[in-house]
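Worksheet for the structure shown next.
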There are 2 protein chains.
Amino acid sequence: MLQVSQRVHYGLRAMTELAKAYGNGPVSLAEIAEAERLPAGYLEQLAMPLRRAGLIEGRRGLHGGYELAVPPADVTVGAVVRALDGAVAPVVCLTVEYVPGSCERDPVCLSRSVWKRVKDSVDRVLDSITLAELCTTSCAEPAVTFIPPEQIQRLGAKDPCSIAG
Amino acid sequence: MLQVSQRVHYGLRAMTELAKAYGNGPVSLAEIAEAERLPAGYLEQLAMPLRRAGLIEGRRGLHGGYELAVPPADVTVGAVVRALDGAVAPVVCLTVEYVPGSCERDPVCLSRSVWKRVKDSVDRVLDSITLAELCTTSCAEPAVTFIPPEQIQRLGAKDPCSIAG
DNA sequence: TTATAATCCTAGTATCCGACTAGGGAAATC
DNA sequence: GATTTCCCTAGTCGGATACTAGGATTATAA
């Protein structure tokens with residue numbers, strides 16, 4: 001449960017690439033797509049909201065591309081995911097659009113506080129991590145020691161880097 | 001982002017009804033559906049996994065229904081949502097099925113630690129809340145002071161108690 | 001000035017999944 | 001034995017997600 005969208009997953013990966021390249025001039029979407037094995041066309045759609053949120057800047061023409069609009073240390077993961085998928089909101093009564101009281105169950109709702117606490121908890125985590133931090137602490141907890149090749153082969157079809165099933 | 005499924009949302013609401021009625025004999029799905037305004041047929045599907053997880057017990061026949069298998073204080077929200085939608089896993093490489101290293105990006109993945117921290121954070125919250133606690137602290141933070149009727153009317157079509165848009 | 005490489009923007013599509021509905025047993029009560 | 005409930009399987013339908021396609025715009029470079 002609580003799967004993250006490909007949109008956010010891809011978008012964050014793309015942003016880490018830009019963070020790694022920060023200061024070395026723009027990186028093209030094609031390069032990012034190649035490095036992170038992302039569909040280039042789809043990636044293009046993710047660039048737009050990120051740009052409009054002021055997180056990245058685009059340079060057109062040859063040797064153009066994207067670069068972070070601010071240093072990696074000033075970009076939180078929370079800002080990235082909010083730009084792509086909006087604010088964390090497990091239920092609609094925790095969105096900004098929600099007009100308080102419009103849900104008839106509001107006065108007797110026992111579950112709302114649960115999702116509020118979940119939201120606050122997630123927000124705290126996401127807003128406490130910057131792209132700079134991600135790039136330095138990179139492989140603090142690698143998930144693997146040794147992988148039998150046949151085991152890898154067996155997984156074949158399904159991309160293990162996609163969202164959770 | 002990070003919306004909760006109707007399945008979990010409905011299921012938790014149903015469980016709070018059972019928690020409230022704990023000790024007073026079984027409650028029928030029809031009663032729960034009525035109280036929480038849930039589709040009865042769908043609710044039936046949620047009862048199965050909850051029963052198989054050992055959280056509720058069913059009594060057939062007239063005056064039958066469901067009741068909690070254990071006291072509300074012993075049922076965490078985490079157990080409820082896991083029974084319905086599985087463990088919290090923002091990305092597949094954080095599921096139990098994932099065989100470590102099967103993702104080629106594993107050794108260089110910068111984003112994995114983010115979702116790991118999110119998962120841990122959410123788990124901690126969900127496992128720290130019991131149904132008993134929900135029933136007592138119920139309306140600690142009501143979302144409403146006064147609602148103009150016309151404002152309620154205007155929302156009409158869309159159920160504000162559903163998952164986030 | 002022409003070609004090329006890149007961002008920028010809109011629209012369409014298609015597959016999958018979530019949220020149901022339908023229908024029919026099996027058991028318990030009255 | 002009639003009713004009420006749980007129990008279980010299967011099917012359906014709409015909408016969203018994850019793309020693809022196609023083009024316009026801008027900058028570089030030969």
Side-chain angles (χ1 to χ4, degrees), chain A residues 1-11 13-14 18 25-34 36-53 55-67 69 84-86 90-92 157-159 161-165, chain B residues 1-11 13-14 18 25-34 36-53 55-67 69 81 84-86 91-92 157-159 161-165:
Chain A
M1 75 164 306
L2 281 188
Q3 302 168 33
V4 143
S5 66
Q6 292 282 59
R7 191 178 162 86
V8 157
H9 193 206
Y10 289 178
R13 280 159 67 184
L18 292 184
V27 184
S28 75
L29 288 180
E31 289 173 284
I32 297 173
E34 167 64 19
E36 292 282 336
R37 304 294 162 88
L38 303 176
Y42 189 47
L43 192 55
E44 216 173 321
Q45 296 199 348
L46 308 184
M48 254 187 295
L50 290 171
R51 194 174 59 86
R52 293 194 176 122
L55 298 174
I56 62 176
E57 281 172 356
R59 300 281 167 82
R60 297 211 251 199
L62 194 60
H63 303 135
Y66 288 96
E67 52 192 334
L84 291 167
D85 266 8
V91 288
V92 292
K158 195 174 177 182
D159 173 16
C161 268
S162 82
I163 60 170
Chain B
M1 74 166 304
L2 281 188
Q3 303 169 32
V4 143
S5 65
Q6 293 281 59
R7 192 177 161 87
V8 158
H9 194 206
Y10 289 178
R13 281 159 66 185
L18 292 185
V27 184
S28 75
L29 287 181
E31 289 172 284
I32 297 173
E34 167 64 20
E36 292 282 336
R37 303 294 161 87
L38 302 177
Y42 190 48
L43 192 54
E44 217 173 321
Q45 297 200 348
L46 308 185
M48 253 186 295
L50 291 171
R51 192 175 59 85
R52 293 195 177 121
L55 298 174
I56 62 176
E57 281 171 358
R59 300 279 167 84
R60 297 210 252 200
L62 194 60
H63 304 134
Y66 287 97
E67 53 192 333
V81 304
L84 291 168
D85 266 8
V91 288
V92 292
K158 194 173 177 184
D159 173 16
C161 268
S162 82
I163 60 169

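Quantities reported herein were computed from a predicted structural model and do not represent experimental measurements. Numbered from 1 within each chain, the chains take letters A, B, ... in sequence-line order.
Between B/L18 atom CG and B/I32 atom CD1 the span is 4.0 Å, to the nearest 0.5 Å. Remark: B/R37 CZ to B/R13 CZ distance equals 10.0 Å, nearest 0.5 Å. The distance from the CD1 atom of B/I56 to the CE atom of B/M48 is 10.5 Å, given to the nearest 0.5 Å. A/L84 contributes atom CG, which lies 11.5 Å from atom CD of A/Q45 (distance to the nearest 0.5 angstrom).
Judged by distance alone, with hydrogens and angles left aside, the side-chain atoms of A/R7 form no donor-acceptor pair with the main-chain N or O of A/D85 at under 3.5 Å.
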remark   = A correct 5'-to-3' footprint of nucleotides 2-10 of chain C, with B, S and - meaning base, sugar-phosphate only and no protein heavy atom under 4.0 Å, is ---BSBBBB
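Rounded to whole Å, the distance from CE on A/M1 to P on C/dA19 is 11 Å. Remark: C1' of D/dC6 and CG of B/L43 are 12 Å apart, rounded to the nearest angstrom. Here D/dA18 presents its C1' atom at 14 Å from CG of A/L84, a figure rounded to the nearest Å. The separation between B/Q6 atom CD and C/dC17 atom P is 18 Å, rounded to whole Å.
The two atoms that bring A/Y66 and A/G58 nearest to each other are CD2-CA, 3.6 Å, heavy atoms only.
Residue B/Y10 places at least one side-chain N or O under 4.0 Å from the OP1 or OP2 atom of C/dC20. A close approach under 4.0 Å does not occur between any side-chain nitrogen or oxygen of A/Y42 and OP1 or OP2 of D/dT17.
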